[in-house]
Amino acid sequence: MKKVNIIGAGTAGLAAGIRLASAGYDVTIFEKNEKIGGRMYQFDLEGYKFDVGPTIVMMKDIYEDVFRSSGVDPKDYISFERLDPMFRLVFPDKSVLNGTSDLVAMTEEHERFSEKDTQGYLAYLADVYKRYVIAKNHFIEKSFRKKTDFYNPATLYQALKLRTFSNAYDSIGSFVKNEKLRQALAFQTLYIGVSPFSGPSIYTIIPMIELLYGVFYIKGGMYAMAKAMERRFLELGGKIKLNQSVEEILIDNKKQAYGIRVNGENHLSDIVLSNADFPYAMNNLVKEKRNKGKYTPKKIDKMSYSSSSLMIYLGMDKKYDVSVHNIYFTDDFKKNITQLFTDTKPTYPSFYVYSPSQIDQDMAPEGKDILYILVPVPNLHHTEQSWDNKATQVYVDKILDLMTTYDEFKDVKEHIKVKKVFTPLDFKDTFNLAQGATFGLRPTLLQSNYFRPQTKSRYVKGLYFAGSSNHPGAGVPIVLTSAKLAVSDILKDDSHDTNKK
């Protein structure tokens, strides 16, 4: 039985562990933190349970496939509830759009803003669905192990059909002119930390996926998915070692990975799979220059990183009349987004409020609510912005003051029972995220598909990667796909080596 060491018990690490263990490998996961999950993490403050990172569940079939692949029924591990509305959008003039996966209701919502643009929205759906199918079948669910996997007539033809050279906002504008409806179809690119004004137009698939496939909630919060994966992995004989910070990926003179070093002790294995953020892994865990290939510290520094996040976790001593997912838009949407990528804390930011206790009272004490507030902010890459205690408190107060301008939150500052704040520095230090970039490497055109770090190392045999900075990219469903691709690469290479013998 071949042995695999996985670095990190994050989303991709756990999912890959399940697939490898069910395929007969001896798998051990080493996690630096005291709990599993990576950014799919949860903490409890006086009975208020806060998911740290991801909150929006799309493409639930991909979540379920992790369990089905190991021969069990996902319903025995996780419980999904379809959300309707999927989200509530609040515009600066306080008008509201309720996003729903009911096409009839969604049509009526859009008609309130513009009948002409409702026609455009339907045309957008038809167009982007075609592009989504191409992206899924030819790019998202495919590894690019060598140049010819991408540079061949068939793949390049499919790439041209994606029409990725325009940005997401302009692409939406070719179908919808109403500014509010354009924003309603554009903000989702921030789910993966890229601007709709510069990110490739293919990311307009995200709102289409929400409408056609729905948005869900997992009972117990997103961390319930991490715990369910942990449970299944352990059932399959996998081992998890917590509070184990990996110091080095061991690579011999023949460029073969043969284990990892943890707290000065070597743990040998036939295969190493890193779920650490790729830039961090290349800068810190792959020690010798010859094993880094093109990913030298200089190259890593020049790469583009996603936006980061200021997180404000509030436990309230009362209930609030909001949806599970709520987005509040600023007056100048474009300026707000531009500031994220020009090292400026947004002057008047848009913000997102997640309140799972609206439908899951186990997440908060009875009669009370959780308000998880996410404010997109610049990452730490060559930053001049400070996130020391004083600067952080000033900006948190600014956000809370902004919230009080909305009727539903007018008393929010008076009813805070518990509070915790995460800054870009916390994302950097807690989860080893390069530049504190919440979503890893930014999915620009030249950092996507073949041009993104792949799941199989091109320089070291037996070394593989999975996570948001690797192909196919960020977002929980895509990261789960990354784990699937990494395991597929391992099985393919292992089979090839066995046949050679």
Please list, one pair per line, the donor and acceptor atoms closer than 3.5 Å that link side chains of residues 6-31 to other protein atoms, with sequence neighbours excluded.
{"from": "Arg19", "atom 1": "NH2", "to": "Asp65", "atom 2": "OD2", "distance (Å)": "2.8"}
{"from": "Ser22", "atom 1": "OG", "to": "Ile18", "atom 2": "O", "distance (Å)": "3.0"}
{"from": "Ser22", "atom 1": "OG", "to": "Arg19", "atom 2": "O", "distance (Å)": "3.0"}
{"from": "Tyr25", "atom 1": "OH", "to": "Asp494", "atom 2": "OD2", "distance (Å)": "2.4"}
{"from": "Asp26", "atom 1": "OD1", "to": "Lys239", "atom 2": "NZ", "distance (Å)": "2.7"}
{"from": "Thr28", "atom 1": "OG1", "to": "Lys3", "atom 2": "NZ", "distance (Å)": "3.3"}
{"from": "Glu31", "atom 1": "OE1", "to": "Ala9", "atom 2": "N", "distance (Å)": "2.7"}
{"from": "Glu31", "atom 1": "OE2", "to": "Asn33", "atom 2": "N", "distance (Å)": "2.9"}
{"from": "Glu31", "atom 1": "OE2", "to": "Asn33", "atom 2": "ND2", "distance (Å)": "3.4"}

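Paired with Asp489 under the rule salt bridge (charged side-chain N to carboxylate O under 4.0 Å, His left out), one option of Lys456, Lys484, Arg458, Arg145 passes, and it is Arg145. Thr438 pairs in a side chain to side chain donor-acceptor pair (under 3.5 Å) with only one of the listed residues (Ser307, Ser468, Ser309, Ser306), which is Ser309.
Using a cut-off of 4.0 Å between Lys/Arg side-chain N and Asp/Glu carboxylate O, Asp360 and Lys49 are scored as not salt-bridged. A salt bridge is absent between Arg39 and Asp277; no separation between the charged side-chain nitrogens and carboxylate oxygens falls under 4.0 Å. The existence of a salt bridge linking Asp426 and Lys420 is excluded, since no basic side-chain nitrogen approaches an acidic carboxylate oxygen closer than 4.0 Å. For Lys219 and Asp362, the salt-bridge test passes: some basic side-chain N is under 4.0 Å from an acidic carboxylate O.
Expressed to the nearest 0.5 Å, how far CE of Met311 lies from OH of Tyr352 amounts to 8.5 Å. With values rounded to the nearest 0.5 angstrom, Arg442 atom CZ is found 11.5 Å from Gln435 atom CD.
Counting only distance, with no hydrogens or angles, the side chain of Lys60 and the backbone of Arg82 share no donor-acceptor pair below 3.5 Å. At least one donor-acceptor pair closer than 3.5 Å links the side chain of His471 to the backbone N or O of Phe139.
A 4.5 Å side-chain heavy-atom check between Val324 and Thr55 finds every atom pair outside the cut-off. Within the 4.5 Å cutoff, no side-chain heavy atoms of Phe87 are placed close to those of Ser323.
In this pair, Tyr191 and Phe187 present their aromatic rings perpendicular. The plane angle is above 60°, beyond the 30 to 60° band. Ring-plane geometry between Tyr313 and Phe43 is classed as perpendicular, the angle between the planes exceeding 60 degrees on a 0 to 90 degree scale with a lower cut at 30. Between Tyr354 and Tyr372, the angle of the ring planes goes over 60°, which puts this pair in the perpendicular group of the 30/60° scheme.
With a 6.0 Å radius and a threshold of 12 heavy atoms from other residues, nucleotides or ligands, Tyr129 has its OH atom at or below the threshold.
By the 6.0 Å and 45° rule, Arg231 stacks over the aromatic ring of Tyr77.
A side-chain donor from one of Asn266 and Arg261 sits under 3.5 Å from a side-chain acceptor of the other. A donor and an acceptor atom, one from each side chain of Ser357 and Asp369, are located under 3.5 Å apart.
A distance of 6.0 Å or more separates the ring centres of Tyr63 and Phe216. Checked against the 6.0 Å centroid threshold, Phe422 and Tyr41 do not count as a close aromatic pair. Two rings, from Tyr151 and Tyr450, have their centers less than 6.0 Å apart.
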Starting from the C-alpha separation in whole Å, work towards a yes-or-no answer on side-chain contact (heavy atoms from CB on, under 4.5 Å) for Asn263 and Gln244.
CA-CA 7 Å; Asn263 298 327; Gln244 301 289 308; 3.6 Å; yes
